[in-house]
Every structure is written in C-alpha cells, then in structure tokens.
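Throughout, a chain's letter reflects where its sequence line sits, starting with A, and its residues are numbered from 1. Just the heavy atoms: all of them, side chains too, but no hydrogens, waters or symmetry mates, feed the values below.
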Protein chains: 2
Amino acid sequence: MTSSAEENYLKAIYKLHEKSGNMVTTSSLAEMLKVSAASVTDFVKKIAAKKLVTYEKSKGVKLTDKGRLIAVNIIRKHRLWEVWLVNKLDFKWDEVHEIAEQLEHIISDDLIDHLDKHLGYPTTDPHGDLIPDSKGKFAKNNSKPLLDCVAGDKVKFIGVAEHSNNFLQYLTKNNLSLGDEIFVESVEDFDNTFSVKLNKKENKVFSKEVVKNLLVAVIE
Amino acid sequence: MTSSAEENYLKAIYKLHEKSGNMVTTSSLAEMLKVSAASVTDFVKKIAAKKLVTYEKSKGVKLTDKGRLIAVNIIRKHRLWEVWLVNKLDFKWDEVHEIAEQLEHIISDDLIDHLDKHLGYPTTDPHGDLIPDSKGKFAKNNSKPLLDCVAGDKVKFIGVAEHSNNFLQYLTKNNLSLGDEIFVESVEDFDNTFSVKLNKKENKVFSKEVVKNLLVAVIE
DNA sequence: TTTAATATTTAGGCAAACCTAATTAATATT
DNA sequence: AATATTAATTAGGTTTGCCTAAATATTAAA
C-alpha cells in the first residue's frame, strides 16, 4: 500500500523534477518536505526497493513510470479538490492549498470519479494548472510568461507560475483574475516594467517580478 | 494534537456508551476497532492521561466532557460528509460509510463551515441520524422502532437502527426510503410480522428483525 | 467456595517515519 | 593536487500505534 508519506515523497520528487529537469537531490527533497536529509535517504531507499524511483547513491532519485503514475494521480486529486473548494464551497484561490493537501490522500477511485463528474470534468484548477486525466495524461499547455510578450500583444491571463498566498493575494488586490484580457501597452526595457490594460478598461503597471509569474495565452 | 487513531477511539467509546449506557470495556473497544485488547489498554491509558476519558483499571472507560466534544465533532463531520456524498455526488446510502470514515479526519473548521452551508445546514444524514451542531448539541429525537407500533398506526420512516450495507440494500430492494409513509395494517402477534401499506399504495410484509430496525415518527 | 472460564493488564517487541551526531563522499577553492 | 566546504549517508534513537505471550483479575459454574 502507498501511505500518505509515500505519496508526498513521490509528489515532491515529481515537482522538483518538473522544475529542474534533473535528478532530484536529497537536500532539495529534505527542504521541500521539511524533514532532515537523513530521513530522506532512509525513505528513498524504501521506495527504491518498491521500484517507485531509481536511486543512485549520493546522486539522487528519479521516478519510475510506476512512481510517476502515483505522483500524477495525487496531483490530479489535489487539483480536483481545489476546483471543488473554489467553485462549490466558495473558497478563495489563496485559501485552498492546505485543505487540498489533506483531501488528496483520501483513497477511493469511485469518489474521484463522482467528484470529477460533479465538477463537470474540469481541465484546469483555480490557479490555471492543468488537471491530468485518470491515466496520468496532461493536455498540451501553450502558456508562456507575460514577461515574454512585447508591446502590442493581446493575451489572456490563464495561470500563475508562483503559487504563494502572497502572490495570489497581490493579484486579487490588483483585480486580476484568470480569464482576464491583458493588452500590453508598453514595456520599459531598462527594468521590464509592463504597462498594460486589463479587460479593455483598467490601466495597470506590473514589475518584472510579477509578469514573469503571470502565465498567458495569445488570444485567437 | 488529536490523531486519527485518537479520534477513532473516542468515537468508538461514544458509540458503545450510546448503545449500552455503561462504562465501555476493553474488549468491546478491541472488537469495534479491530485491534487487540492489549493495544486498547495501552491507548486508553494515554487518552486518560490527556483527560479525554476516565479510566478505571479492569472496569473500563467513560468519556470526559472534553473527550465527548471531540467524539461528537467527528460524528458531525462524518454525517455532513455523508450528506454531501449522497446529495451532491449521487452516491447511494449504502456506499458512503467507508469514504466518510476517511473524510471525517480532515482538519479544518473552515471547511466544515463551508460544507455545512453548501449543504443547506442539514440536521439529519442519509440514514436519518441526527447531525449535532458545532457545539456538540443534538436536536431532540422522537423516533421509535416500527416494532413499537400497533395496527392502525400511520407513521413516517425517518431512520434506521442498523446501518449494515446488508440491511440498507434490503430496504432499497424493497423500495423503502426515508420519508415514506407507513400505515400498519396488521401485526401478527405470534412472531411480530408486520403487514403495512407504503405511501398509500404498496402492500408489504416485514419481519420482526426488519421492523425493530426501522425508526419511525408518528404523523402529526 | 473452589475451580474453570473469560477479560484485562503487563512485558517485551516491531514497523513506520521521523530525529541528531558522526562519518564519508562529492564539489569547490586556493 | 591538497584542502576546505557542502552534501549525503550511516549509526543509533525516539514516538506512535500496533502485536503476541504470559501473568493477573474478574466473573461464572460446579
């Protein structure tokens, strides 16, 4: 059986691999999971014995197909629960992560099927992240950071690259929600400050730090 | 902090006390929780040290007010989740127990408040069991077993005294749902077999074993 | 009331998932 | 290339919640 701890390790390995593309190190896992490096070494040996990861001593771990499937499934559950919390229970997008961290470990395929149906088979979560299907497949993602846009571009805000409550609350405060249209009026090339028009009415200025974390799709 | 194990012990003690009215014995707890008697003795000492129960060696345990509040809160959560599973996710009343057993341990008062609101502040679960309020108070319950009725009584089916899937499925198969009207046509006094009319149309015969587990309320 | 049966507790252990401190391996610096 | 720094592993421990087997209580039966 796969315990919560195991699911959390696999999910962490998946996310760290996504970010860096490399083998996942003991120390990065220790930091993400908030446990000691010694604990990670221990645990990683156990899941390697179960063929959920491949482990090279002192180098790091990589998910096997089996491990990846479990990880992606947890991500699927997490994101479906987040959709539920926001769309059905009226939570804000910055309030759902911790609760979904618990709900994602509930074990019942039937439950997830019913939940998925109840939600209308959503393909993205409240932060714009893709929800994989039950086989672990993700839809194609053609988003890019607003930072990569230039003056004159008209795009749609479809996701965030940074999920901290801090950033999410900044966006809320600045009246920016998923689906909004962003028209790039100008870009200051000294510091990459963006001057934009939101939904054809409101003018805003966003720093580089902000625009690199706003994921957008070109309209049409 | 209260762990899942602790919550399950307190809930089991609460339920066993409900049933017998007496102090709860080690062996009854062991049987209900499917652990050894030795484990129960161990655990009971720990929760007694936390003042969640009073423990008299070789005699049994009783909940303190503190322990009872935790137990009732778990029951509240369990029943709210069952309402959700049946009313919103379209599960059948015999499919929800195991899933709710997991969901009841999710920790977030906020979540329960939102869920309660989402469900329209229900006062009973899909089996007719009362849902206590957040302070642990139950509404008055004026139900009685159909067995206590006599020929000529007109009552409403409002709950079950036996929650096994077996019994629930028997009722479903016999077309009996909460809220149905039951008119007692006659009672065989040799063996307490009841002949009834359901919802003013369908005639049925129920054994003593069945009618003692059907909880009803007199109409008007 | 003495014995037999049943229930409970004690003693000693185990697995999971964590820890710290000490050691070894890998990487970076002079 | 030798040394210092940083990262990873090993060794030994802890806590939680469970176990079995042996010892004591309690309750029931002869």
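Put simply, the side chain of A:Asp191 gets close to the backbone of A:Thr193: a donor and an acceptor are under 3.5 Å apart.
To the nearest angstrom, C1' of C:dA15 lies 8 Å from NZ of A:Lys46. The distance between atom CD1 of A:Ile47 and atom C1' of C:dA15, rounded to the nearest whole Å, is 17 Å.
With sequence neighbours excluded, the residues that form a side-chain hydrogen bond (donor to acceptor under 3.5 Å, both in side chains) with A:Thr172 are A:Trp93. Residues passing the salt bridge (charged side-chain N to carboxylate O under 4.0 Å, His left out) test with A:Glu95: none are found, sequence neighbours excluded. Checked against salt bridge (charged side-chain N to carboxylate O under 4.0 Å, His left out), B:Lys46 has no partners two or more places apart in sequence or in another chain. Residues meeting the salt bridge (charged side-chain N to carboxylate O under 4.0 Å, His left out) test with B:Glu104, sequence neighbours left out: B:Lys11. For A:Lys212, the side-chain hydrogen bond (donor to acceptor under 3.5 Å, both in side chains) partners at least two apart in sequence or on another chain are A:Glu209. Under the salt bridge (charged side-chain N to carboxylate O under 4.0 Å, His left out) criterion, A:Lys51 pairs with no residue at all, not counting sequence neighbours.
Between atom CG of residue A:Leu52 and atom CD1 of residue A:Ile13 there is a gap of 9.0 Å, rounded to the nearest 0.5 Å. Going from atom CD of B:Glu56 over to atom CE of B:Met23 covers 4.0 Å, rounded to the nearest 0.5 Å.
Of the residues in residues 55-64 of chain A, A:Tyr55, A:Lys57, A:Ser58 come within less than 4.0 Å of DNA chain D through at least one heavy atom, sorted by number. Taking every heavy atom of residues 35-44 of chain A and every atom of DNA chain C, pairs under 4.0 Å involve A:Val35, A:Ser36, A:Ala38, A:Ser39, A:Asp42, A:Phe43, by number. Of all the residues in residues 5-30 of chain B, B:Thr25, B:Thr26, B:Ser27 reach under 4.0 Å from DNA chain C with at least one non-hydrogen atom.
Side-chain nitrogen and oxygen atoms of B:Lys45 include none within less than 4.0 Å of the OP1 or OP2 phosphate oxygen of C:dT9.
For the ring pair (Phe, Tyr, Trp, His ring centres under 6.0 Å) condition, the pairs that include at least one residue of residues 17-73 of chain B, sequence neighbours left out, are B:Tyr9-B:Phe43.
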Pairing pattern in dot-bracket form [Watson-Crick, G-U; both distances under 3.5 Å; | = partner strand] for DNA chain C: ||||||||||||||||||||||||||||||
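In summary, the side chains of B:Asp125 and B:His78 do not present any donor paired with an acceptor at a separation below 3.5 Å, with no hydrogens or angles considered.
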Show which side-chain atoms of residues 110-118 of chain B pair as donor or acceptor with protein atoms under 3.5 Å away, not counting sequence neighbours.
{"residue": "B:His114", "atom": "ND1", "partner": "B:Asp110", "partner atom": "O", "Å": "2.9"}
{"residue": "B:Asp116", "atom": "OD2", "partner": "B:Arg76", "partner atom": "NH2", "Å": "3.2"}
{"residue": "B:His118", "atom": "ND1", "partner": "A:Lys88", "partner atom": "O", "Å": "3.2"}

